[in-house]
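Each remark here refers to the structure printed beneath this line.
Just so you know, ligand 1 is whichever comes first in the structure, and atom 1 is the first atom listed for that ligand. In this chain, residues are counted from 1 in sequence order.
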Amino acid sequence: MTVVASDDRDRRSLVRDLEAYLIGLRDMYGDYVVVDPEGTVSAARPEPRPEGRGSVAGGAGAPFRSEPPLPNRGLQPVAAGTREPRPEGRGSVAGTAPTCPPGPQQTSFLPSDVPALAAPGLRRVRAAEPGVIDFGPGPDVVRGPCSPEVRAEALRALDEGQVKGCTKCRLSQARTQTVFGVGHPCARVMFVGEGPGAEEDRRGEPFVGRAGALLDRIIAAMNLRRADVYIANTVKCRPPENRTPYPDEMEACAPYLRTQLETVCPQVLVALGRPAAQCLLGVNSSLGELRGRFHRHRGIPVMVTYHPAYLLRNPDAKKATWDDVKLVMRFLAETPDPLLLPTDPSRC
Ligand code: URA
Ligand code: URA
């Protein structure tokens, strides 16, 4: 398929259609779909990959294996030749001036057919129940003006003004530095992890260690770049020995994540692992019970899936995570991108 478009908007809409088409193809053929840089889409059987001793590769069917993808194999970026060039990505606030969604459409991105939280068997718990933070419920998050500069400044102010010097819980005592969050201030997708590990504590950025490398591959498999999404954690300081954050630690840190969420106002949240899911949904269910369908946090659809660190230890679960990720991709393909909506200069 060759895509020829006369202006940017046509091109972007064609790329969106192409992405939706690809998702459909992938649903049929798994990760056997190949897209070459000329935009030709074909379905092909991959050669078997050797998996070395001790390799964490596996998770049959999942495109984000442990080794980097081979050239033109598996999930390459969609039609690189036809994609809108965004050299600095959605992660940049210095790129080309974005458009801003018009007022009446500000809250219309969330489909009404995503079921509310209470799927069968889920228990809403009180904040006091051990192990669970009642992070919500709160009022639905309302999209504010979409200027990336304004949002980036709000995030910077939160980080510099409150998070960096935070001593609200014991985790502050052992940290090298806080790990605030990273990504595009108008990201459509926000990933929420558990807490920084050793590498994150050293570098001050979430998901930059081994689990981060796998998260990067998951993001790439979604045809997104790290700069396109927003990544944060339930706690901003590394728990000693990478233990699960204690409820009072998550509770102390929750206002920061809450503000990040209200500022970025993503169209969809991905909770990585049980603590993030429990924190966002206020339920005490297992990961297996929660994954595979959308829940809601303050009006925002939440997909729960396995934490990348869990996937490194249990590669067979990668297939399940890929199924979860495909639901997120389908949701995004069916939901308007706010940055592609017509500009309303009065709101920017
Ligand atoms: N695991 C997490 O939950 N968060 C990180 O930032 C890194 C690893
Ligand atoms: N339990 C967790 O806490 N996280 C996972 O990702 C899977 C099981």
Side-chain angles (χ1 to χ4, degrees), residues 56 58-59 62 64 66 91 122 125 130-133 135 155 159 163 171 174-183 187 189-219 226 229-247 249-250 253-254 256-257 260-261 264 269-293 295 302-325 328:
V56 290
F64 33 86
S66 56
L122 295 190
V125 294
V132 175
I133 299 303
F135 189 80
L155 293 168
D159 185 18
V163 173
L171 294 183
R175 73 178 177 225
T176 305
Q177 59 187 316
T178 55
V179 178
F180 178 68
V182 71
V189 189
M190 180 163 161
F191 291 89
V192 180
E194 187 176 319
E199 189 63 13
E200 290 77 19
D201 177 67
R202 200 174 65 75
R203 289 172 50 184
E205 185 174 331
F207 283 101
V208 288
R210 279 184 70 228
L214 179 52
L215 179 60
D216 286 348
R217 286 197 294 279
I218 293 173
I219 292 167
R226 196 172 156 99
V229 304
Y230 195 84
I231 306 172
N233 281 308
T234 60
V235 294
K236 312 303 187 210
C237 299
R238 181 192 182 197
E241 315 298 329
N242 295 344
R243 65 163 166 74
T244 303
Y246 294 147
E249 295 160 355
M250 291 205 276
C253 218
Y256 304 139
L257 181 59
Q260 285 174 305
L261 210 146
V264 176
L269 283 157
V270 181
L272 300 169
R274 196 171 181 219
Q278 291 180 334
C279 179
L280 289 171
L281 302 178
V283 297
N284 195 10
S285 310
S286 72
L287 205 291
E289 288 172 299
L290 292 170
R291 61 155 292 273
R293 61 189 185 280
H295 307 269
V302 182
M303 178 58 65
V304 174
T305 197
Y306 293 108
H307 192 287
Y310 177 88
L311 295 178
L312 290 172
R313 296 191 304 272
N314 303 276
D316 286 349
K318 285 183 183 178
K319 168 72 172 62
T321 287
W322 178 230
D323 289 342
D324 300 338
V325 162
V328 174

May I have the list of side-chain donor-acceptor pairs in residues 176-183 shorter than 3.5 Å, sequence neighbours left out?
residue : atom : partner : partner atom : Å
Thr176  : OG1  : Asp201  : OD2          : 2.5
Gln177  : NE2  : Asp201  : O            : 3.2
Gln177  : NE2  : Arg202  : O            : 2.7

> Would a 4.5 Å heavy-atom cut-off, applied to side chains only, mark Met190 and Leu257 as touching?
Replying inline: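 In short, these two side chains touch, coming nearer than 4.5 Å.
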
> Can you list the steps and then say if Val304 with Leu287 is a side chain to side chain contact (heavy atoms under 4.5 Å, CB included)?
Replying inline: CA-CA 7 Å; Val304 174; Leu287 205 291; 3.6 Å; yes

Return a table of N or O atom pairs, ligand 1 on one side and protein on the other, at distances under 3.5 Å, rounded to 0.1 Å.
residue  : atom  : partner : partner atom : Å
ligand 1 : 1 (N) : Gly195  : O            : 3.4
ligand 1 : 1 (N) : His307  : NE2          : 3.3
ligand 1 : 3 (O) : Glu194  : N            : 2.7
ligand 1 : 3 (O) : Gly195  : N            : 3.2
ligand 1 : 3 (O) : Gly195  : O            : 3.4
ligand 1 : 3 (O) : Asn233  : OD1          : 3.4
ligand 1 : 3 (O) : His307  : NE2          : 2.8
ligand 1 : 4 (N) : Gly195  : O            : 3.0
ligand 1 : 4 (N) : Asn233  : OD1          : 2.8
ligand 1 : 4 (N) : Asn233  : ND2          : 3.4
ligand 1 : 6 (O) : Phe207  : N            : 2.9
ligand 1 : 6 (O) : Asn233  : ND2          : 2.8

>> Just to verify, what does Thr321 make a side-chain hydrogen bond (donor to acceptor under 3.5 Å, both in side chains) with, not counting sequence neighbours?
In response: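 Partners of Thr321 by the side-chain hydrogen bond (donor to acceptor under 3.5 Å, both in side chains) criterion, ordered by chain and then number, come out as Thr305.
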
>> Going by the rule side chain to side chain contact (heavy atoms under 4.5 Å, CB included), which residues pair with Asn242 if we only count those two or more places apart in sequence or in a different chain?
In response: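 Applying side chain to side chain contact (heavy atoms under 4.5 Å, CB included) to Asn242 gives Arg238.
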
>> Test side chain to side chain contact (heavy atoms under 4.5 Å, CB included) on Val264 and Leu155; report intermediate values, then the result.
In response: CA-CA 9 Å; Val264 176; Leu155 293 168; 4.0 Å; yes

> In ligand 2, which numbered atoms sit nearer than 4.0 Å to a non-hydrogen atom of Tyr306?
Replying inline: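 So the answer, numbered in order with elements, is 6 (O), 7 (C).
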
